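Report on the following structure.
Everything quoted here is computed from the prediction, not taken from an experiment.
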Amino acid sequence: MKITIICVGKIKEDFYRKAVSEYEKRLSRYCRLEIIEVEDEKTPDRASPALEEQIKEKEAVRISRHLKEDAYIFTLEINGESPDSVSFARQIEGLGVRGVSHIQFVIGGSLGLHKSVSKAADKAVSFSDMTFPHQLMRVILLEQIYRGYRIISGEPYHK
């Protein structure tokens, strides 16, 4: 299985980079992982709703260039389905059983995702009702994918 994470912005903090690197290493035995970073737009303080929409649209164009028609696309969105770790693992496993060989996860920027990216998704998921920095969300997503593969393989994981 190939897993691609498409995310807006770069990771700036070293501790996040180290965490991402650790999960890349751990996941290498289960899947081929690719992380694609697209440039984020600077958002001025007190941006108008119209400007925020323009920013999301610009980021959506960058994201859409990397979306593959043959991939199953998950978007990370606050209003998405909230699976527990076992059901998330079963979703990944089920896609593989159905012959899906490429899964893409999309993490938006600080304003979220433009509706065009949401519409392109096969499923929207949410890991919490809380808001997280998108850099931390990348680490959380990688951990959940890793945990999912551990569950699928019948290997121990922390509950």
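Contacts classified as salt bridge (charged side-chain N to carboxylate O under 4.0 Å, His left out) and involving residues 57-75 (residues at least two apart or in different chains) are given here: Glu41-Arg62. Residue pairs meeting the salt bridge (charged side-chain N to carboxylate O under 4.0 Å, His left out) criterion with at least one member in residues 12-25, sequence neighbours excluded: Asp14-Arg17, Asp14-Lys18, Glu22-Lys25, Glu22-Arg26. Applying the ring pair (Phe, Tyr, Trp, His ring centres under 6.0 Å) test to residues at least two apart or on different chains, the pairs with a partner in residues 28-50 are Tyr30-Tyr149. Every pair passing ring pair (Phe, Tyr, Trp, His ring centres under 6.0 Å) that includes a residue from residues 55-75 is listed here, sequence neighbours excluded: Tyr72-Phe74, Phe74-Phe105. Sequence neighbours left out, the pairs with a member in residues 109-133 that pass ring pair (Phe, Tyr, Trp, His ring centres under 6.0 Å) are Phe88-Phe127. Annotation: ring pair (Phe, Tyr, Trp, His ring centres under 6.0 Å) contacts involving residues 37-58, sequence neighbours excluded, are absent. Residue pairs meeting the salt bridge (charged side-chain N to carboxylate O under 4.0 Å, His left out) criterion with at least one partner in residues 113-125, sequence neighbours excluded, are Glu81-Lys123.
Note: the hydrophobic cluster containing Ile152 does not contain Val97 (ILVMFWY, side chain heavy atoms under 4.5 Å, direct or indirect links). Leu27 and Leu95 fall within a single hydrophobic cluster, where Ile, Leu, Val, Met, Phe, Trp and Tyr side chains are chained together by heavy-atom contacts under 4.5 Å. Hydrophobic clustering of Ile, Leu, Val, Met, Phe, Trp and Tyr side chains at less than 4.5 Å, counting indirect connections, keeps Val106 apart from Ile140. Linking Ile, Leu, Val, Met, Phe, Trp and Tyr whenever their side-chain heavy atoms come within less than 4.5 Å puts Ile36 and Val117 in one cluster. Under the 4.5 Å side-chain heavy-atom criterion for Ile, Leu, Val, Met, Phe, Trp and Tyr, Leu136 and Val125 are members of the same hydrophobic cluster.
Taking Thr131 as the reference, nothing meets the side-chain contact (heavy atoms from CB on, under 4.5 Å) condition, with sequence neighbours excluded. The side-chain hydrogen bond (donor to acceptor under 3.5 Å, both in side chains) check on Glu77 picks up Thr75, Ser118, with sequence neighbours excluded. Among residues two or more places apart in sequence or in another chain, the side-chain contact (heavy atoms from CB on, under 4.5 Å) test is passed with Ser87 by Pro83, Asp84. The salt bridge (charged side-chain N to carboxylate O under 4.0 Å, His left out) search around Arg29 returns Glu155, not counting sequence neighbours. Residues passing the salt bridge (charged side-chain N to carboxylate O under 4.0 Å, His left out) test with Glu34 are Lys2, sequence neighbours excluded.
The shortest distance between side-chain heavy atoms of Leu142 and Leu33 falls below 4.5 Å. A 4.5 Å side-chain heavy-atom check between Val139 and Pro133 finds every atom pair outside the cut-off. Using a 4.5 Å heavy-atom cutoff, the side chains of His134 and Cys7 are not in contact. In this structure, Leu113 and Leu76 have side chains that are not in contact, with every pair of non-hydrogen atoms separated by 4.5 Å or more. Asp40 is not listed as a side-chain neighbour of Ser110, based on a closest heavy-atom distance of 4.5 Å or more.
Of the inter-residue distances, the one linking Ile5 atom CD1 with Leu141 atom CG reads 4.5 Å to the nearest 0.5 angstrom. Rounding to the nearest 0.5 Å gives a distance of 8.0 Å between CD1 of Ile63 and OG of Ser116. Considering OG of Ser48 and CG of Leu51, their distance stands at 5.0 Å, rounded to 0.5 Å. Here the CD1-CD1 distance, from Ile103 to Ile3, works out to 4.0 Å after rounding to the nearest 0.5 Å. In this structure, Arg98 CZ and Glu93 CD are separated by 12.0 Å, a value rounded to the nearest 0.5 Å. Distance check: Gln144 CD to Tyr23 OH gives 9.0 Å after rounding to the nearest 0.5 Å.
Considering all non-hydrogen atoms of both residues, Val8 and Glu39 come closest at CG1-O, 4.2 Å. Pairing each heavy atom of Ile55 with each of Pro44, the nearest pair is CD1-CD, 4.3 Å. Closest non-hydrogen pair, Ser128 versus Ile78, comes out as O-CD1, 3.5 Å.
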Go through the steps for Arg138 and Glu37 under the test salt bridge (charged side-chain N to carboxylate O under 4.0 Å, His left out), then give the verdict.
CA-CA 11 Å; Arg138 192 180 317 182; Glu37 296 175 333; 2.7 Å; yes
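Counting only N and O atoms by type, the side chains of His102 and Thr4 include a donor and acceptor under 3.5 Å apart.
In summary, Glu52 and Lys56 do not engage in a salt bridge, as defined by a charged side-chain N under 4.0 Å from a carboxylate O.
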